[in-house]
Amino acid sequence: MEDFVRIFDTTLRDGEQSPGATMTLEEKLRIARKLDAMGVDVIEAGFPAASPGELRSVQQVAAAVHTAEVAALCRTREGDIRAAWEAIREAAHPRLHVFIATSDIHLEHKLRMTRAQVLEEIRFGVSLCRELCDSVEFSAEDATRSDLDFLCEAFRVAVDCGATVVNVPDTVGYTMPHEYDTIIRRVVATVGPDVVVSTHCHNDLGLAVANSLAAIAAGARQVEGCINGIGERAGNAAIEEVVMALSVRRELMGVGTRVDSRQLVAVSRMVRDCTGLTVQPNKAIVGRNAFAHEAGIHQHGMLANTLTYEIMRPEDVGWTASNLVLGKHSGKHALRARLVELGFQLDDAELGVAFDRFKRLCDRKKVIYDEDLYTLVADAQDHQAVYTLEAILFQSGSGMLPTATATVKEHAQVHSAAATGDGPVHAAIEAIRRCVGADDVVLEDFHLDAITGGSDAQGKVHVRVREGDLVAHGQASDTDIVVASAKAFVAALNHLAFLSSRVSEIAQASELRLAARGV
Ligand code: KIV
Ligand code: ZN
């Protein structure tokens, strides 16, 4: 069999556990389709026992993914396992991912079990999973702080009961590359060549990618991680970094992945927009400065030969050289073709909506860039909006009080209101707040990026709002930053409405996750 590293993406499960990153079903489906199209091997869709809503969302992801395996997470309890199987049984390629902790710290303080009891749980859980599904992954939570002999015994039991993949999570981001190397070599020797050994590294010490690569060098053949390195606390291993490290240092590592790296920037932006977790400019591979050369000496070298300072080409990871794509003469086919190149799949209705918005944008902007298209598509695929901004009018100038009048549609009802503010953005947000009666919504964060150059640049506004314990996000772009801000605020209100409709489920799910973690 061809030797390659399987990429297991857990953006929709571990990634969604990042504070404030809860995604709507539409957003999860969008990301899942994209991950499938770019060639990841496994997509972990969620933890179905957490709530009925989570189960349904895993079910829908399972139905939308055709090539990758779809994994559902469960504890070793029968109820968890049956819920997970219910969620993925119709997937083209289902995988059950069952876990229990193996470290003495977890056994004593969380599970209150003896080692013998944990082995019995593994026997029960993995056997039941294997009765239901051919592909079964067993994870030993907190593996890197577990006694190595006991860890190997746990994996032996799991394999004897039918596990096809064993995962060695560095749950608390504690291990070091040379230590992880020793652990992985022992596990590989224990389970033998027919079982895939997997890594799952958290980034608490900033070592998640380094540890994942050390594991591959030691014989692991599956890496778990998230796009943009999101995830609980400091996050998980960044998939884009692992993929490119294996691609750029292919000769040294001797093994690669099946991921189409040219889609990395597109999926990174999609995850950024769906989670509201922005990407730092100097982030490897997908940060906007990742290929920018400021210093004169670098620029001189780059002009002479790009090899002087570039170890990979921007286009290898999906940065297009000029990003200039379409204009007002472009038709629907050209738009569809470019969207397909960017990895989006739109049905005819969605394409119609996107094309309408594209034409309207062309009236205001001479050239349309990829960044414009990302926003356009996100809007076109958003079918769950409760509120729509129908109009926003504002006035400001030196010596006058900024005022705004907003018209917002809430389902079929239309509300209009006017407000004043410290500036036009503030006035616009206050007017929208009055339209929808969102007095308790607090604006926690607001920032603006100029996403394309020129005097007709699109401004992209990101906002984060809070109502009680719920944190929601929204973003929007427009050539007018007041309009972009107003749209972003409405997007955040829509996200908040989604979260509120699931508030008890979200609370129950997060309690369950915390309980599963022993917090
Ligand atoms: O970090 C962890 O240990 C996990 C497991 C459930 C795989 O996410
Ligand atoms: Zn994890």
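Start at 1 and go down the list; that is how both ligands and their atoms are numbered. Below, each value reflects all heavy atoms present in this structure, side chains not excepted, and no hydrogens, waters or symmetry copies. The first residue in the sequence is number 1, and the count goes up from there. Everything numeric here is computed off the predicted structure, so don't read it as measured data.
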* Ligand-residue contact atoms, ligand 1 with Glu141, heavy atoms, under 4.0 Å -> 3 (O)

* Flag for His93-Ser135: side-chain donor and acceptor within less than 3.5 Å -> no

* Shortest heavy-atom approach to atom 2 (C) of ligand 1 - which of Glu224, His200, Arg75, Glu137 -> His200

* To do: For ligand 1, find out whether one of its N or O atoms is nearer than 3.5 Å to an N or O atom of Thr171.
  => yes

* To do: Report the residues that fulfil side chain to side chain contact (heavy atoms under 4.5 Å, CB included) with Val196, sequence neighbours left out, ordered by chain and then residue number.
  => Arg6, Val165, Arg221, Gln222

* For His66, ring-ring contact (aromatic ring centres under 6.0 Å, His included) partners two or more places apart -> none

* To do: Would you mind running through ligand 1 and noting each atom that sits below 4.0 Å from a heavy atom of His202?
  => 1 (O)

* the Zn ion (ligand 2): angle it makes with OD2 (Asp14) and NE2 (His200), nearest 10 degrees -> 90°

* If you look at every heavy atom in Val5 and Asp41, which pair is closest and at what distance? -> O-OD2, 4.0 Å

* Asked: What part of Asp14, side chain, backbone, both or neither, has a heavy atom within less than 4.0 angstrom of ligand 1?
  -> side chain

* To do: Give a yes or no answer on whether the side chain of Asp170 reaches the backbone of Thr175 with a donor-acceptor pair at less than 3.5 Å.
  => yes

